[in-house]
Amino acid sequence: MNNANSEQSRRRFLGQISKAGLLGMAGLKAPAILPPPEQVQPAASHTFSCKPYLQYPAPGSISINWLTARPCYSWVEYGTNGQLNLKAHHVTNGLVDANSRFHRVRLDNLEPGQTYQYKVLSKDILSFEPYKLTYGETIESPVYSFTAINPQAKEVSWLILNDIHDRPASIPHLINLNGKDPYDFVFLNGDMFDYQSGEQQIIDHLLNPCGDTFSTRQPFMYVRGNHETRGKYARQWHDYFDNPYYFSFQVGPVAAIVLDTGEDKEDNTPVYAGIVDFDNYRQQQAVWLEQQLQSKAFRKARYKVVMMHIPHYHSGDWHGVMHCRQLFGPLFNKHKIDILICGHTHKYGIHEPVKGEHDYPLIIGGGPQEGKRTLIKIKADQQQFKLEMLRDDGVKVGEYTLR
């Protein structure tokens, strides 16, 4: 490629990035409200399809999401000290969101570190005519609580799950291994599903087990694995989750970058039927990645963390692995990240730095089978960054500490 074409490609990548709504390293920024998921046939009864689930904790804000069986007008009532004296709904270009089964309301102007109580309410829409709207019954959830994130906190803790592969019972089992240790959020590091078949799969295999375990009170963030790219509903999958496909955030002493590694095979592999383009997508991310790694906030952070699904070492020589190694690996070494956390291989391990390959520890979570499932626990403060890996029987199978 000549220099003119190379510069033109670079500008195109940067132009795409500027429109992507990605996060700055000053902290989490609230994303643009995404379009609602593809609508399915309304049910006969007016009920919640899942519990509310918290998403995308940002400085001063958090997103509350839920689904109902019928199209509704929905809102959140919330406050502190048990007083639900505040109300929030979402407005898009002057229109309050309504007549949808998917509901997303962002609470803004939250006080960092403050605990809030909330409940969600949905009013059934029986008829929606141009000049007459007829409401039905209003349903409401129990009262839940959450604590607003404090980006200036001196410490942060989170849990990581990966490679659940449509085994919903694994989610509460692994989260419960944490016991009563506090944590600020959960990170889902890809392949929570085998492939995407429809909305009910997302509800039954992810939203319900998360809601029954933690996500009414603790938010989660989610990056794709290669299996989330597969199936007829793969293009709707992301509509249910708030964070961008790849993003960065900073909480307390940690600056984190999250990459979407895409598929593991070549784009022209017959099973993809000519409708994927992950090579260009990863190249786009590499441009953005270098910008993030060079940012003042990332360089000055006490701990520099990258999380992505496919590890670029210790996972064979598939095309996706090697492309990530080619694009991301040199940048990780050049800008001296402290730790990389992945999944994908179904073989858990703590891999020490290897000079000239990965100059940092590479952590790989386990797989979906009993005896191979893992929970990764992270706690970082001003003195140390500590990672522990627990197997599904509760035995600690690895740890790494940065000081």
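What's counted below: heavy atoms across the whole structure, side chains too, no hydrogens, waters or symmetry copies. Start at 1 with the first residue, then count along the sequence.
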OG on Ser61 to CD1 on Ile149, rounded to 0.5 Å: 9.5 Å

Stepwise side-chain hydrogen bond (donor to acceptor under 3.5 Å, both in side chains) check, Thr92 with Asp97: CA-CA 7 Å; Thr92 303; Asp97 291 354; 2.9 Å; yes

Interatomic spacing from CG in Asn333 to CD in Glu357 - rounded to 0.5 Å: 9.5 Å

Ring pair (Phe, Tyr, Trp, His ring centres under 6.0 Å) partner of Trp288, the single match among Tyr246, Phe247, Phe328: Tyr246

Greater than 12 external heavy atoms within 6.0 Å of Lys265's NZ: yes

Between Tyr222 and Asp242, a side-chain donor and acceptor under 3.5 Å: no

CD on Gln285 to CG on Leu327, rounded to 0.5 Å: 9.5 Å

Flag, side chain of Gln284 to backbone of Asn280, donor-acceptor distance under 3.5 Å: no

Distance, nearest 0.5 Å, that separates OH of Tyr56 from CZ of Arg106: 8.5 Å

Residues Arg230, Glu228; criterion salt bridge (Lys or Arg N to Asp or Glu O under 4.0 Å); working and verdict: CA-CA 5 Å; Arg230 302 173 184 176; Glu228 274 94 357; over 6 Å; no

Side-chain donor-acceptor pair present, Glu77, Trp75, cut-off under 3.5 Å: yes

Asp181 side chain to Ser157 side chain, donor-acceptor N/O pair below 3.5 angstrom: no

Residue Asn109 excluded, over 12 heavy atoms near CG under 6.0 Å: no

Side-chain donor/acceptor of His173 to backbone N/O of Asp392, under 3.5 Å: yes

Donor-acceptor pair between Asp184 and Gln218 side chains, under 3.5 angstrom: no

Donor-acceptor pair between His312 and His358 side chains, under 3.5 angstrom: no

side-chain hydrogen bond (donor to acceptor under 3.5 Å, both in side chains) evaluation trace for Asp194 with His227: CA-CA 5 Å; Asp194 284 329; His227 281 262; 4.8 Å; no

Gap between atom CZ of Phe249 and atom CD1 of Ile257 - 0.5 Å precision: 10.5 Å

Main-chain N/O of Cys72 paired to Tyr135 side chain as donor or acceptor, under 3.5 Å: no

Separation of Gln55 CD from Phe185 CZ (nearest 0.5 Å): 12.5 Å

Any donor-acceptor N/O pair, Arg224 side chain to Gly190 backbone, under 3.5 Å: no

Min side-chain heavy-atom separation Arg104-Ile64 under 4.5 Å: no

Ser248 and Gln292: side chain donor to acceptor below 3.5 Å: yes

His103 (side chain) donor-acceptor with Arg101 (main chain) under 3.5 angstrom: yes

Side-chain donor/acceptor of His46 to backbone N/O of Glu137, under 3.5 Å: yes

Modelled atom types, side-chain donor and acceptor of Gln200 and Tyr233, under 3.5 Å: no

Check: Gln117 side chain, Asn81 main-chain N or O, donor-acceptor pair, under 3.5 Å: yes

Any donor-acceptor N or O pair under 3.5 Å, side chains Asn226, His309: yes

Side chain proximity check, Asp338 to Val305, heavy atoms < 4.5 angstrom: no

Step-by-step ring-ring contact (aromatic ring centres under 6.0 Å, His included) determination, His165 to Phe193: CA-CA 4 Å; His165 284 279; Phe193 302 95; 9.6 Å; no

Under 3.5 Å donor-acceptor, Arg373 side chain and Ser170 backbone: no

Any donor-acceptor N/O pair, Asn208 side chain to His205 backbone, under 3.5 Å: no

NZ or CZ of Arg325 within 45° of Tyr313 ring axis and under 6.0 Å: yes

Side-chain donor-acceptor pair present, Arg302, Gln382, cut-off under 3.5 Å: yes

Derivation and outcome, side-chain hydrogen bond (donor to acceptor under 3.5 Å, both in side chains), residues Tyr281 and Asp260: CA-CA 9 Å; Tyr281 179 59; Asp260 179 0; 2.7 Å; yes

NZ/NE/NH1/NH2 to OD/OE distance under 4.0 Å, Glu388 and Lys386: yes

Ser122 side-chain N/O to Ser74 backbone N/O, donor-acceptor pair under 3.5 Å: no

Non-hydrogen atoms of Thr216 and Gly211 that approach each other most closely: CG2-O, 3.8 Å

Min side-chain heavy-atom separation Ile164-Asp191 under 4.5 Å: no

Geometric cation-pi criterion, Lys123 with Tyr73: 6.0 Å, 45°: no

Within 6.0 Å of NZ in Lys372, more than 12 heavy atoms from elsewhere: no

Pairwise side-chain contact, His344 with Ile364, heavy-atom cut-off 4.5 Å (strictly under): no

Distance-only side-chain donor-acceptor flag, Glu111 / Tyr116, under 3.5 Å: no

Parallel, tilted or perpendicular: ring planes of Phe214 versus Phe220, cut at 30 and 60 degrees: perpendicular

Test side-chain hydrogen bond (donor to acceptor under 3.5 Å, both in side chains) applied to Thr115 and Thr147, step by step: CA-CA 4 Å; Thr115 297; Thr147 300; 3.0 Å; yes

Validation row, ring centre Tyr303 to ring centre Phe385 under 6.0 Å: yes

Atom NZ of Lys154 with >12 non-hydrogen neighbours under 6.0 angstrom: no

Close side-chain approach of Phe241 and Ile202, heavy atoms under 4.5 Å: yes

Any donor-acceptor N or O pair under 3.5 Å, side chains Ser63, Asn65: yes

Residues Tyr53, Trp66; criterion ring-ring contact (aromatic ring centres under 6.0 Å, His included); working and verdict: CA-CA 6 Å; Tyr53 56 103; Trp66 69 101; 9.1 Å; no

Under 3.5 Å side-chain donor-acceptor pair for Thr134 and Ser127: no

Among Thr269, Asp279, Asp264, Asp267, the one residue meeting side chain to side chain donor-acceptor pair (under 3.5 Å) with His319: Asp279

Residue pair Thr345 / Ser315, side-chain donor-acceptor N/O under 3.5 Å: no

Shortest non-hydrogen contact between Val156 and Pro253, atoms and distance: CG1-CD, 4.4 Å

Close side-chain approach of Lys379 to Glu155, heavy-atom, < 4.5 Å: yes

